[in-house]
Amino acid sequence: MKVRKPLVAGNWKMNGDIASNEQLFTALRAAPERVPAAQVEVVVCPPYPYLGQAAAWLGDTGVAWGAQDVSAHPNGAHTGEVSASMLADLGCRWVVIGHSERRQAGETDEQVAAKLARCAAHEIGVIACVGETLAEREAGATETVLARQLDAIASTLLAGGASAAPGRFVLAYEPVWAIGTGRTASPDTAQAAHRFLRERLAVRGYRESGYVRILYGGSVKANNAAALFAMPDVDGGLIGGASLVADEFLDICRAAALA
Ligand code: PEP
């Protein structure tokens with residue numbers, strides 16, 4: 001049994017439609033029979049237009065739902081963006097920030113930190129992603145990159161920008177070379193990065209670092225989840241492709257519950 005309650009989040013990315021979502025929601029509604037809520041927290045993050053559908057299907061279940069991104073601004077002339085207050089109005093309790101697919105589209109460390117502050121102001125939990133590219137890993141720069149990305153986030157945490165309890169601040173280590181590639185980090189590689197992140201949070205003065213859940217993300221499947229989740233600093237997963245296949249996703253959640 002893990003010290004920190006594992007969390008598994010499904011990032012649906014830009015996939016789904018009303019009919020296929022319904023099939024996934026139906027399977028998730030049956031989750032308590034397969035995945036004990038006391039042992040794992042489960043969150044799914046569909047695209048914005050389907051958050052209302054998620055609320056309707058999952059509102060009375062133990063499965064939470066969240067958004068894949070949020071604006072760094074409170075309101076105003078930001079066409080196409082969605083603010084944290086709007087998500088809070090909808091009852092949204094989780095947001096993924098700093099995903100590498102957003103960073104590759106130009107999102108900066110400072111913007112990720114601003115998003116964290118916006119979410120904290122509305123008591124929305126965050127799953128903040130960090131991770132190095134293949135070129136950065138091969139250049140031996142993994143820890144430098146992780147430190148830079150984490151420090152921007154930690155500054156906001158320490159400035160009180162994330163007044164939410166540590167349970168509402170979740171980190172996700174997502175090596176870019178492992179996302180959607182089928183190339184999963186080995187459990188030892190993941191553990192080393194997770195330990196580094198936890199220690200860095202502590203060094204930066206974040207006293208609750210021992211309580212922060214650090215998820216691993218990058219080609220997690222039902223057949224590799226248990227080995228990853230068995231590592232001491234891996235507290236669950238952020239799941240992309242496999243979160244769109246109900247059985248696969250529920251098996252991953254179960255692996256986390258049993259870790
Ligand atoms: C992700 O989108 O965050 C992710 C980890 O994707 P995948 O599981 O498909 O690698």
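Whatever order the structure lists ligands and atoms in, that order sets their numbers, starting from 1.
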Atom 1 (C) of ligand 1 [closest protein heavy-atom partner, distance rounded to 0.1 Å]: His99 NE2, 3.3 Å
Shortest reach to atom 10 (O) of ligand 1 by a heavy atom, considering only Gly241, Gly180, Ala172, Gly182: Gly180
Sub-4.0 Å heavy-atom contact, Gly218 with ligand 1: yes
Aromatic plane relationship, Tyr173 with His194 - under 30° parallel, 30 to 60° tilted, over 60° perpendicular: perpendicular
Contact atoms of ligand 1, heavy-atom distance to Lys13 under 4.0 Å: 1 (C), 2 (O), 6 (O)
In one Ile/Leu/Val/Met/Phe/Trp/Tyr side-chain cluster, 4.5 Å: Trp12, Val70: yes
Taking atom 8 (O) of ligand 1 as the reference point, the nearest protein heavy atom with its distance: Gly240 N, 2.8 Å
Identity and separation of the nearest protein heavy atom to atom 5 (C) of ligand 1: Glu174 OE2, 3.1 Å
Asp235/Lys5 ion pair, N-O < 4.0 Å: no
Lys221/Asp251 ion pair, N-O < 4.0 Å: no
Ile179, portion touching ligand 1 at heavy-atom distance under 4.0 Å: both
Parallel, tilted or perpendicular: rings of Phe169 and Tyr206 (30°, 60°): perpendicular
Residue-ligand contact Gly237/ligand 1, heavy atom below 4.0 Å: no
Residues His99, Gln68; criterion side-chain hydrogen bond (donor to acceptor under 3.5 Å, both in side chains); working and verdict: CA-CA 8 Å; His99 193 281; Gln68 297 172 16; over 6 Å; no
Atoms of ligand 1 close to Ala178 [distance to a heavy atom under 4.0 angstrom, numbered from 1]: 10 (O)
Nitrogen or oxygen of Lys221 less than 3.5 angstrom from that of ligand 1: no
Qualifying residues under side chain to side chain donor-acceptor pair (under 3.5 Å), relative to Asp89, sequence neighbours excluded: none
